[in-house]
Each structure stands twice: as C-alpha cells, then as structure tokens.
Amino acid sequence: MKKYLIFSTLVILIFLFGCEEERALRLQPAPEYYQGRALLPNGQQIEIPESDRATIIELCQPDNATPTIPSGKRHWLGTVTLTQPLTDVTSLSAFPTATFFTVENKSYVQCQLDALTYVTKIDKMPESLNDVQYAADAYPDVAKIRFAEPHEYAHFAQEMKNPIGNEPYPERKGIEHTLFHLTMPFNGEFELTFESSDGEEHLTIPIQSSRQPYLSFGLGTEKSDDTLQYAIYTSHDQNDYQEVLRPKQAHMSQMFGAKMASQLPTVLVPGHRYPLYSFTFMNEGTAQRQNVSLTYHEPKLLYGKELDEKIHNKLSSQRHVVFHDLALIGTESKDAPFLQHVGQDEMKFIFRAIKRANATAYAGKPAPTPYVTLFKGVCAQTFDVSYEGTNVYLTNSKTGSHFKLLREDAIKWHNLFGENR
C-alpha cells in the first residue's frame with residue numbers, strides 16, 4: 001500500500017508540474033537546480049537548503065488546494081522565492097512563490113505563480129522556518145481604514161517638507177486633512193481609482209510585495225522644474241512618504257484644496273469602491289474636477305480542475321535547454337563560461353528529437369560538449385551526449401539508459417550542434 005501511495009504521488013507531481021515520462025524523456029522535480037531565499041517577519045533574508053526546496057515543491061502541489069481559508073488572524077511565518085539561476089528566462093516565474101502562515105494554530109502555504117493564487121493546508125514546515133513561528137507577524141483577515149488624528153496630520157505635512165531624492169530637491173507639500181491609515185490584511189490588493197471627465201485611471205497597491213501590516217497615505221503636490229503635479233504619497237511607518245502613486249495626467253498649475261469623504265466604515269468590504277477625495281485644479285487654463293476612491297480586492301483562490309489545468313499549462317510551457325562541458329552544480333550563473341544556451345527553435349527540436357529517440361544497449365564516444373540538460377517547469381533531466389559516426393546517442397545521466405536519435409534527427413543535430421558541440 002505504501003509503495004502504491006509513493007508511486008501515485010510521483011505521478012501527480014509529474015503531471016501537474018509539467019514533467020513528462022515518455023520513453024527517453026523522464027523529467028523529474030529538480031530542487032537541486034534552484035536557489036531559494038526566505039524573507040522572514042523580522043526582515044531577515046536567509047538562503048534555504050536543497051532539502052527545504054524539495055519540501056516546498058512538494059507542499060505547493062496544486063491538487064491539495066483549498067477553496068477557502070478559515071476566518072481569524074493570520075500569522076505570517078515567511079515567504080520563500082525559488083529561482084532557476086541556470087536558465088535565462090528571467091521574465092517568467094519558474095515556480096510559485098510560497099508564503100507560509102498559520103490560522104488558529106493550523107499551518108497553510110499560499111502559492112502564487114504570476115496571477116495564479118492557491119492555498120494548501122500543510123502538516124509540516126520547511127525546517128528553515130521552524131524557529132520563526134514564535135516571532136510571526138499577525139495580520140487581520142479583513143482590510144481596515146481610519147482617519148488620521150490631528151497630530152498625525154501635522155506629522156504628515158512636516159514629513160512632506162523634508163528633502164527627498166537628489167538636488168535640486170523637489171518642493172513637496174502634503175495636504176494635511178487627506179491622511180488615512182490602512183490596516184492591511186494578509187493578502188489581496190488595494191486599487192486607487194482616479195476619475196475625471198476624461199475617464200478613469202486605476203493604480204494598484206499590492207500587499208504581498210510589501211508584507212507590511214500598515215500603510216499611511218495622503219494627497220499632496222510636488223513642484224520640480226516649474227512642473228506641478230499631484231499624487232498619493234504612502235509610508236509604512238509614517239516617515240518620509242517616498243512612495244508615490246500618480247496618474248498619468250497629473251499635471252496642473254494650481255490646486256484649490258481637497259474635500260475628504262465625510263465618513264468611511266472601519267472595515268472595507270471587498271470589491272466595494274469607497275470615495276476618499278474630491279478636488280479641483282487648473283490645467284492649461286481649464287478647471288478640472290478629480291475624484292479619488294479606494295477598493296480592496298481579495299485574491300481569487302483557485303482549486304480543483306481549473307487550477308490543475310492552469311498550473312500544468314503555465315509550467316509545462318516554460319522550457320529551456322543548455323549544453324555544458326562540466327556537470328551542473330545547480331547554483332551556477334546562467335553566464336558561466338561552460339554553459340551554452342540554445343534558442344527557442346533549437347530547444348523545440350531537442351525536445352521533439354528526444355521524444356522520438358529509441359532505446360538502445362550501447363552509446364558512442366563522448367561529444368566535445370558531453371552534457372545537455374532540459375528544463376521544463378520545475379523539472380529537469382540531464383543526458384550524456386555521445387557520437388558514433390553520424391549517429392547521436394543520449395544517455396540518461398541518472399539511470400544510465402541509452403537512447404539513439406532517429407536518423408533524420410541525428411542529421412539535423414549534427415547540422416545544428418556538431419561543430420561546436
């Protein structure tokens with residue numbers, strides 16, 4: 001029974017994470033080819049070992065995702081980001097970012113791959129995070145907002161007068177009675193909507209990127225080189241207010257003051273737009289009216305068949321191939337001199353040729369560049385490359401099984417890679 005369960009788990013991993021098991025191609029989850037870094041609640045960043053990287057790949061299996069999370073305070077234990085330094089596809093996420101938290105002393109991991117978010121209840125934690133549970137940050141499960149106190153208005157106005165950036169310093173002015181404080185929930189995002197007669201513009205404040213439980217924000221102006229603009233200025237500790245959220249059309253010649261919302265609820269209902277400010281300003285001799293509102297959006301938790309298909313499609317489409325003179329350590333840079341990356345067309349050919357290869361009992365003499373490694377999603381596989389005349393042989397580096405390319409694929413292989421590899 002135990003052997004059956006282990007086999008079933010491997011099959012699930014192979015399908016959901018884009019791995020394959022087709023004759024020569026036997027790509028497997030490959031934590032050895034990742035680097036992992038954990039951001040802890042105290043702000044410290046630590047490198048995590050390969051054993052923990054393997055655990056995280058296992059814990060983020062999407063087949064166990066839950067459709068809901070229990071209500072209550074969430075304690076953030078840490079966020080782990082895995083990267084593949086050997087590949088040069090830097091614009092794509094290679095693996096879900098894993099955020100560990102507890103609710104009512106039960107442990108969960110939130111896995112996020114670009115716009116895909118899912119949560120899984122877990123029974124174990126990566127060993128690197130075991131010691132941080134007593135120092136975890138608490139987050140509410142709702143978004144809260146409050147008006148600032150008079151002394152906080154004064155502090156905001158003073159902070160905005162302090163020089164920021166390089167000389168000549170821009171002249172900043174905070175509009176005192178426009179300051180609000182947000183208590184940020186564990187996940188989701190806030191959206192600011194700037195609405196005028198010209199239309200609407202939306203700016204996003206993501207929560208995950210900051211992992212800060214509080215945010216203060218107020219309306220202000222900035223003058224630089226005779227250019228006057230308005231913006232929302234934010235701070236996580238009520239100091240500096242260096243972060244700026246500004247619509248594209250924010251230029252003006254004069255502002256006539258701002259009117260704040262007369263009342264707001266303490267708790268923001270997800271999806272509901274709440275008016276914050278309205279103000280009038282002059283731009284090119286014309287008076288314009290601007291309304292600013294705030295919306296909190298909860299993340300959509302994916303689960304079941306929809307999640308399985310989206311994860312499989314996203315990860316299985318992320319493929320990469322490198323030839324190399326030396327065995328891979330996994331933490332080498334993609335710019336290491338012994339690595340030779342292939343283009344998209346060459347990559348597609350290599351995957352197709354290996355799929356079509358036939359098992360054989362022997363191999364040839366080692367090629368000038370003796371190794372090739374295929375990456376697909378979170379999986380990888382390395383082959384020893386050898387030649388015998390025009391024949392091309394690939395040997396599974398882990399199992400020792402030999403495969404021979406079809407004649408037409410071998411000819412193309414030599415045309416593409418023979419001289420240099």
Value for CZ (F281) from NE2 (H251), rounded to nearest 0.5 Å, stands at 11.0 Å

- [ ] For the pair N187 and I207, evaluate side-chain contact (heavy atoms from CB on, under 4.5 Å) and give the outcome as yes or no after the intermediate values.
- [x] CA-CA 6 Å; N187 53 12; I207 294 175; 5.6 Å; no

- Item | Polar side-chain atom of E159 near backbone of D240 as donor-acceptor pair, under 3.5 Å | yes

Rounded to the nearest 0.5 angstrom, the CZ-CG distance for R356 and L406 is 5.0 Å

Here the pair of heavy atoms bringing Y118 nearest to P62 is CE1-CA, 3.7 Å

When rounded to the nearest 0.5 Å, the distance separating CG of L326 from OG1 of T369 is 10.0 Å

Quiz item: Taking side chain as C-beta onward, heavy atoms only, is V322 less than 4.5 Å from V372?
Solution: no

Taken to the nearest 0.5 Å, the spacing of K144 NZ from H181 NE2 works out to 15.0 Å

Smallest heavy-atom separation, R74 atom then I69 atom, equals NH1-CD1, 3.8 Å

Rounding to 0.5 Å, atoms CZ (R146) and OG1 (T183) come to a distance of 7.5 Å

So side chain to side chain donor-acceptor pair (under 3.5 Å) across residues 292-305, not counting sequence neighbours, yields E191-H297

Taking atom CZ of F256 as the centre, does the number of heavy atoms from other residues, nucleotides or ligands within less than 6.0 Å exceed 12? yes

R289 meets the side chain to side chain donor-acceptor pair (under 3.5 Å) criterion, sequence neighbours left out, with S278, T280

- Within the distance-only criterion (no hydrogens, no angle test), does the side chain of T204 pair as donor or acceptor with the backbone N or O of P206 below 3.5 angstrom? no

Side chain to side chain contact (heavy atoms under 4.5 Å, CB included) with L276: of T193, I145, L219, only one passes, and it is I145

Test side-chain contact (heavy atoms from CB on, under 4.5 Å) on K124 and L59; report intermediate values, then the result. CA-CA 9 Å; K124 61 180 178 180; L59 294 177; 4.2 Å; yes

Would you call the rings of F349 and W413 parallel, tilted or perpendicular, taking 30° and 60° as the class edges?
tilted

- Message: For the backbone of V109 and the side chain of T120, can you confirm whether one donor and one acceptor N or O come within less than 3.5 Å of each other?
- Response: no

Notebook entry, point to check: Around atom CD of Q249, are there more than 12 heavy atoms of other residues, nucleotides or ligands at under 6.0 Å?
Noted result: no

Practice task
Determine whether more than 12 heavy atoms belonging to other residues, nucleotides or ligands lie under 6.0 Å from atom CD of Q45.
Solution key: yes

Notebook entry, point to check: With a 4.5 Å heavy-atom cut-off, do D384 and Y371 have their side chains touching?
Noted result: yes

Checking L374 against L25 for the side-chain contact (heavy atoms from CB on, under 4.5 Å) test, could you report, in this order, the C-alpha distance in whole Å, the side-chain angles of both residues, the deciding distance, and whether it holds? CA-CA 9 Å; L374 286 66; L25 275 180; 3.7 Å; yes

Pairwise side-chain contact, T55 with E127, heavy-atom cut-off 4.5 Å (strictly under): no

Could you check whether atom CD of E47 has more than 12 heavy atoms from other residues, nucleotides or ligands sitting under 6.0 Å from it?
yes

Review point. Does CG in N105 sit with more than 12 non-hydrogen atoms of other residues, nucleotides or ligands closer than 6.0 Å?
Key: no

Q) Which class fits the ring pair H341 and H320: parallel under 30°, tilted 30 to 60°, perpendicular over 60°? A) tilted

| query | So, does Q238 use its side chain to make a donor-acceptor pair with the main chain of H155 at under 3.5 Å? | reply | no

(message) How about NZ on K121, more than 12 heavy atoms from neighbouring residues, nucleotides or ligands closer than 6.0 Å, or not?
(response) yes

query = Hey, mind stepping through L77 and T102 against side-chain contact (heavy atoms from CB on, under 4.5 Å) and telling me if it holds?
reply = CA-CA 8 Å; L77 307 180; T102 60; 3.8 Å; yes

ask   = Between D237 (side chain) and N239 (backbone), is there a donor-acceptor pair under 3.5 Å?
value = yes

CD (Q112) and OG1 (T97) are apart, to the nearest 0.5 Å, by 7.0 Å

Q. Any side-chain heavy-atom pair from F403 and I354 closer than 4.5 angstrom?
A. no

Heavy-atom nearest pair, P368 first then D325, reads O-OD1, 4.0 Å

In F217, F156, Y233, the residue satisfying ring pair (Phe, Tyr, Trp, His ring centres under 6.0 Å) with Y241 is F156

Y34 vs Q84 side-chain heavy atoms within contact, under 4.5 Å | yes

* Mind checking whether L301 and L307 have side chains closer than 4.5 Å, heavy atoms only? -> no

_Check: A24 main-chain N/O paired with Q381 side-chain donor or acceptor under 3.5 Å_ = yes

message = Taking the ring centre of each residue, are F180 and Y277 less than 6.0 Å apart?
response = yes

Report yes if the distance between the aromatic ring centroids of F279 and Y230 is under 6.0 Å, otherwise no.
yes

For residues 264-275, which side-chain donor-acceptor pairs fall under 3.5 Å, sequence neighbours excluded?
unit_1, atom_1, unit_2, atom_2, d
R273, NH1, E200, OE2, 3.2
Y274, OH, V269, N, 2.9

Suppose we call two aromatic rings close when their centres sit under 6.0 Å apart. Are F186 and Y139 close by that rule? yes

Between L203 and P247, the two heavy atoms sitting closest are CD1-N, 3.9 Å

N/O donor-acceptor pair under 3.5 Å between R246 side chain and Q229 backbone: no

In F383, F417, F338, the residue satisfying ring pair (Phe, Tyr, Trp, His ring centres under 6.0 Å) with F323 is F417

Quiz item: Does S128 reach the main-chain N or O of I48 with its side chain, forming a donor-acceptor pair under 3.5 Å?
Solution: no

Minimal heavy-atom distance between I164 and Y169, with the atoms involved, is O-CD2, 3.7 Å

For R37, does the CZ atom have more than 12 heavy-atom neighbours from other residues, nucleotides or ligands under 6.0 Å away?
no

What one should report as the nearest heavy-atom pair of P29 and I57 is CB-CG2, 4.3 Å

| task | Using a 4.5 Å cut-off on heavy atoms from C-beta on, say whether the side chain of Q344 contacts that of M347. | result | yes

- Item | Min side-chain heavy-atom separation L113-I311 under 4.5 Å | yes

